[in-house]
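Before any comments, here is the structure.
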Amino acid sequence: KKHKKGKVEGAEKVGKKGIKKEKVLEEEKEQEVEKMEEEEEREEGAGGEMEGKDEVGKGSGDGKGVKEEEKLGETQSTGMEQEKEEEEGKGDGPEKEKKKKSRKKKLEGEEQEKEEKKREEEETPGKSRKRKSKEGGGEKNNKKARKEEGKEVENKWKWWEEEKKEDGVKWTQLEHRGPYFAPLYEPLPEDVRFYYAGKPLKLSLATEEIATFYAKMLDHEYTTKEIFQNNFFHDWRKEMTSEEQEIIQELAKCDFSEIHKYFVDKSEARKALPKEEKQKLKEEADKIQEEYGYCILDGHREKIGNFKTEPPGLFRGRGDHPKMGMLKKRIMPEDVVINCSRDSKIPEPPEGHKWKEVRFDNTVTWLASWTENIQNTLKYIMLNPSSKLKGEKDWQKYEVARRLKDVVHEIRARYRADWKSKEMKNRQRAVALYFIDKLALRAGNEKEEGETADTVGCCSLRVEHIRLHPRLDGQEHVVELDFLGKDSIRYYNKVAVEKQVFKNLQLFTKNKDPSDDLFDRLTTTFLNKHLQHLMDGLTAKVFRTYNASITLQEQLKALTNSEDNVAGKLLSYNRANRAVAVLCNHQRSVPKTFAKSMEILQTKIDAKKKQVEEAQQELKKAEDELEDTKDAKAEANVEKKKKLLKRLEEQLARLNVQATDKEENKQIALGTSKLNYLDPRISIAWCKKFGVPIEKIYNKTQREKFAWAIAMANEDFEF
DNA sequence: ATTAAGACTTGGAAAAATTTTC
DNA sequence: GAAAATTTTTCCAAGTCTTAAT
C-alpha cells in the first residue's frame, strides 16, 4: 500500500501497477525533455554557460548559487543576520556568579578532567586508528574515585583513544539486567467512579485501566479529535467484557471526570509532598537507575538510554495521524527479546515470566527489543549518547560530512550539469539533490498510505507542495514550497532558484494532478545509490549534516566579535546556531509563557534604563560640583558615580542581549541542531579561541555526549 | 527488483528538576 | 520559602538508511 512512485492517481484508475499509463507518461516526458533541450540551446548560444567549476561553489555567505542567483538575491529567509549587537558594552561585566548554595556539582570531576587533553585527533573513526593506550577494558585510573554527595565520580572511558573493532562487530562483552518494566496497574479507589449515561458503572480491571488512559488526557486537545475518540473507543470496546460491551455503546455517554480529577489531585499531592518523602522517592528512582540503568560493555560500565519499557497508554501521533487514540498495549517479558553476550550473566525475567528470546548478536547495539502494536515496528533499548557505541558513530557521521566538504563542489557541478540530462530520471534526481543541498530538505522516503500522517520530504514532494512564480516580489523564478515535513512540521519557504531549475520544475509539474509526485521517476534508493557512487558513505542526510555544520562554522566566523564580552559572544553563538536551526527548519511552538515573560523582561529593561538616566544625572551633578569645588572629595564622588553608571549600563546591555536573543528564538528550536547536526568540535574550537567556557554552551549531559570532541578538538579545529 | 523488516538517528512536547524572583 | 521562570531530562514518535526475504 505504499504511495507508489510514478503512479498517477486521479481520474483514470491505474491498471495493475499502472504500467501502461506509466509508459505513456514516460514517453511524453522524454519528448518534453527533447523539446526543452532545443530551446535551451537556442537561449544559451552567447556563452551564457555557467558551468565553470569554481563558480559552483558556495560563496562566502550562504549563496551556494552562482551568477544568476546572485543577481536575484535570496528570498530564503535564513535568519543569518549579520548585524552586531550595538548596545553591548565592552569589558566583561561580572558573570553572574551564582550563590554556592549547597551545590557542589559544579566542581565535580569532569570539570577538571578536560584540561588534560590538548591534542587534536583528526583520524577517521572506523579507519585505522592508532592505539593510544594499551589498556583495553577495565582500565583503572590511578586517580581515586572521589565521593561527592554520595555520588561517585567515575573514571571515564576514553574509547576514542583505543583501536577500532573489526567491521560490523559492535562489542565483545555485553551484560545487563534487561528492561525495567512499567509498574502494574493499580485499581482506582472505590469512591472514584466512572459513569455511563449518568449512572455509576463499576468496570472490570482491564476496562478500567484503559478508561484511565483516556481520563488522564481529558484536558488535552487530543481528546477533542474525532479520530482519536473513535480509535480509542474502538480499541477500548475490544477489551471490554461482553457485559460492558452491551452497556457502553457511545463514548459521548461516558463520564470520566471523576477519574480525571482523581489523577489531577494525585499529581498535585505528589508535588506537595514533604521534603523527606520526595527524597525517599528520589532514592528509590536512583536505585532503579543504578540497577537497570547501566550495562557492562567490553569491561566498561555504560549508561543505558531508555532502560524502561514504555507503559501502556493511548497512542499520540503527531499531526493528522490516522492511528491517534489507539491502545498501546502493555509490554510483557514474553514480548521482549534480550541481546547480550553468551558468557554474561543473562538477565532474569520477572518472577513467573519468560523472555520471548535471548540472543547473542554482537553485530547490533541494542540490549533488548520488542514489537510495538500500533505500527507493528520494533522498539529498542539502546545505550545513552555518552556511550562509546553512540559516540563513535556520531564522530564517524561528522567525518563523513567533512569528507563531503572536499567533494561538494564537484557534486554541485555534476548536478547542475544533470539539470539538462536527457534522462528524466536523472534530471529529477539533479533537481531534488539541489533542493536537498540548498534547502537542507530530508530525503523523503515513501510511506505507507493511511498508516501515518501525510508528511513528505524531498523525493516524496507532490505537485501540490510547490508553486512556481516566474516573477514574485521583484524576483525571478521563485519557488514557493509549502508542505508538512517530519513530525508534521510545516515547511514554508519562497526561494529564488536558477532558471534551469525553474524550467525543470515546470516540466515536472506539467500535466500532473496536484496529488501526483513531483519527482515521479525518483526514489530515495535511486538517489542514494547515485550519491554512494559519488562518494563513499554519502547519502542524502549527509548534506544536512554538512550544510548545518559548515553554516555554523561560517556564521561563527562572521558573527563573533572578539571584543565582545562573554554574553555578547554567546549571543553570536546562539545566532549562528539559530541560522542552522532555520536552515533545517527546526521549529517549536511559541512557549505558552512567551509573551508574559517577554513583557517582564521589557519591564526590567525599562527600569534599568531609568536607573541609567538617573545615574547619568547624578554623574553630571557630581561633575558640576567638582567644577565648583575642585576638592578631592568631589573628585572621588565623580569616580564613584562613573563606576555606578558603567555598571548599570553593562547590566542594561546584558538585558538587551537577553531580550534580543529571546525574541529571535521565539519559534526556533535549537536543541536538535545542537545535538545532531553541528560537529561539536566546531563549537569547542570556538570556545577555546574566544575564551568562552564550554559549560556556557554545553550542559553536563551535552558535555558527556561530546566528551570525545572535547578531548580532541583544539582551537584550530576546522570542520 | 521490489518489498518488508531491522537498526539506528532525529524530533518536539511534556515532565521533572533547578534556579530565580518576590 | 514558595511561586514562577527557566533549564534539563524524559519520552516516545517519526524519520533515514541498510539488510533480508521473496
Kindly state whether the ring of A:His260 and the ring of A:Tyr214 have centres lying under 6.0 angstrom apart.
-> no
Who are the side chain to side chain donor-acceptor pair (under 3.5 Å) partners of A:Asn231, not counting sequence neighbours?
-> none
Among B:dC8, B:dA13, B:dT10, the nucleotide that comes nearest once only the side chain of A:Ser589 is considered | B:dA13
Would you please classify the geometry between the A:Trp708 ring and the A:Phe706 ring as parallel, tilted or perpendicular, with 30° and 60° separating the classes?
-> perpendicular
Taking only side-chain nitrogens and oxygens of A:Tyr677, does any of them come within less than 4.0 Å of OP1 or OP2 of B:dG11?
-> yes
OP1 or OP2 of B:dA14 sitting under 4.0 Å from any side-chain N/O of A:His220?
-> yes
May I ask you to check whether A:Phe315 and A:His321 place their ring centers less than 6.0 Å from one another?
-> yes
With sequence neighbours excluded, what pairs up with A:Lys662 under the side chain to side chain donor-acceptor pair (under 3.5 Å) test?
-> A:Ser597
So which pairs with a foot in residues 373-387 of chain A pass side chain to side chain donor-acceptor pair (under 3.5 Å), sequence neighbours left out?
-> A:Glu310-A:Lys379, A:Glu372-A:Thr377, A:Asn384-A:Ser386
Under 4.0 Å: is that the gap between some side-chain N or O of A:Asn676 and OP1 or OP2 of B:dT9?
-> no
Those residues that, when tested against A:Arg490, pass side chain to side chain donor-acceptor pair (under 3.5 Å) (two or more places apart) = A:Asp482
A:Lys390 side chain: which of B:dT9, B:dT10, C:dT8 is closest?
-> B:dT9
Short side-chain N/O contact from A:Arg359 to OP1 or OP2 of B:dG6, under 4.0 Å = no
Could you list, one pair per line, each protein nitrogen or oxygen that sits under 3.5 Å from a nitrogen or oxygen of nucleotides 2-6 of chain C, together with the distance?
from  : atom 1 : to       : atom 2 : distance (Å)
C:dA5 : OP2    : A:Lys596 : NZ     : 3.4
C:dT6 : OP1    : A:Lys662 : NZ     : 2.9
C:dT6 : OP2    : A:Ser597 : OG     : 3.3

Treat primed atoms plus P, OP1 and OP2 as sugar-phosphate and everything else as base, then score nucleotides 12-22 of chain C 5' to 3': B for base contact with protein heavy atoms under 4.0 Å, S for sugar-phosphate contact only, - for none.
-> BBBSBBS----
